[in-house]
Amino acid sequence: MVPAPNRRRFLSVACCTAAAAATLIPDRIAHASSPAKHTELSADQALAALKDGNERFIKAGAECFEDLAQRRQSIAAGQAPFAVIVACSDSRVPPELLFARGLGELFVIRDAGNTVDTVATGSIQYAVEHLGVPLVVVLGHRRCGAVQAAVAVVEENAVFPGSIGQMVEPIVPAVLKAKGASGDLLDNAVRENVRRTVMRLRTSSEPILKDPLEAGRLRVVGARYDLDDGRVDWFMES
Ligand SMILES: [Zn+2]
């Protein structure tokens, strides 16, 4: 349970984002009611907006009183998110909060271990093709429980009940690769898990991703969120 003062502060950080984004793209709000309108941000501008939001999240000093009801109504007829975030379901890693973004700005796909299966791939492709999103961020995080479970499979032949084993399976190759590196195995595996997904998306043979990537209309980047200091490490921008 988050104590009330912190909760209020997080909400204020999150809700100041739409106003900040409006400064960045002054006419975006005006066009938000048109379902066909895509974001006007390039991939580089989208990445800069996320970096700026994470800085504001870390400082947590920004206050704003944006009218969420008004914002909700302004985007009800159509969305124009500027980034896809593939993140872990971990309750400490909510993309809208840690990037200080508001309603209608991020197209978020979450599962434990931020892996990308067919459904997630289709969701990414929908966002890119149909919503015109120029940036995909694959976001791992420190001390990820799903990656830790994959480490346990590799190191201790751990077996998990229900469908958890299948959920962890796609992360195992990342752990095997990370085993060869020096340093902390879990953190190396977190990064390798992100790296593999980023590379898979970047090298997709499907025109729906390949074409915008080759045309420079789409970027796919990898990052890792630090639970301790709130900072996002953009370790795989290119
Ligand atoms: Zn996790």
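When a ligand or atom number is given, it counts from 1 through the structure's own listing order. Quick caveat, the model's predicted, so the values are computed rather than measured.
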- Task: Test Lys210 against Ser204 for side-chain contact (heavy atoms from CB on, under 4.5 Å), laying out the working first.
- Result: CA-CA 6 Å; Lys210 191 169 184 267; Ser204 173; 5.6 Å; no
- Electrostatic pair Asp187:Arg224 at N-O distance under 4.0 angstrom: yes
Which atom names give the shortest non-hydrogen contact between [X] and [Y], and what distance separates them?
| X | Y | result |
| --- | --- | --- |
| Ile171 | Gly113 | CD1-CA, 4.0 Å |
| Val108 | Pro95 | CG1-CG, 3.9 Å |
| Ala120 | Thr115 | CB-O, 4.4 Å |

- Would you find a donor on one side and an acceptor on the other, under 3.5 Å apart, between the side chain of Asp111 and the backbone of Val116? no
- Note on the structure: Protein-derived N, O or S atoms sitting under 2.8 Å away from the Zn ion (ligand 1) total 3
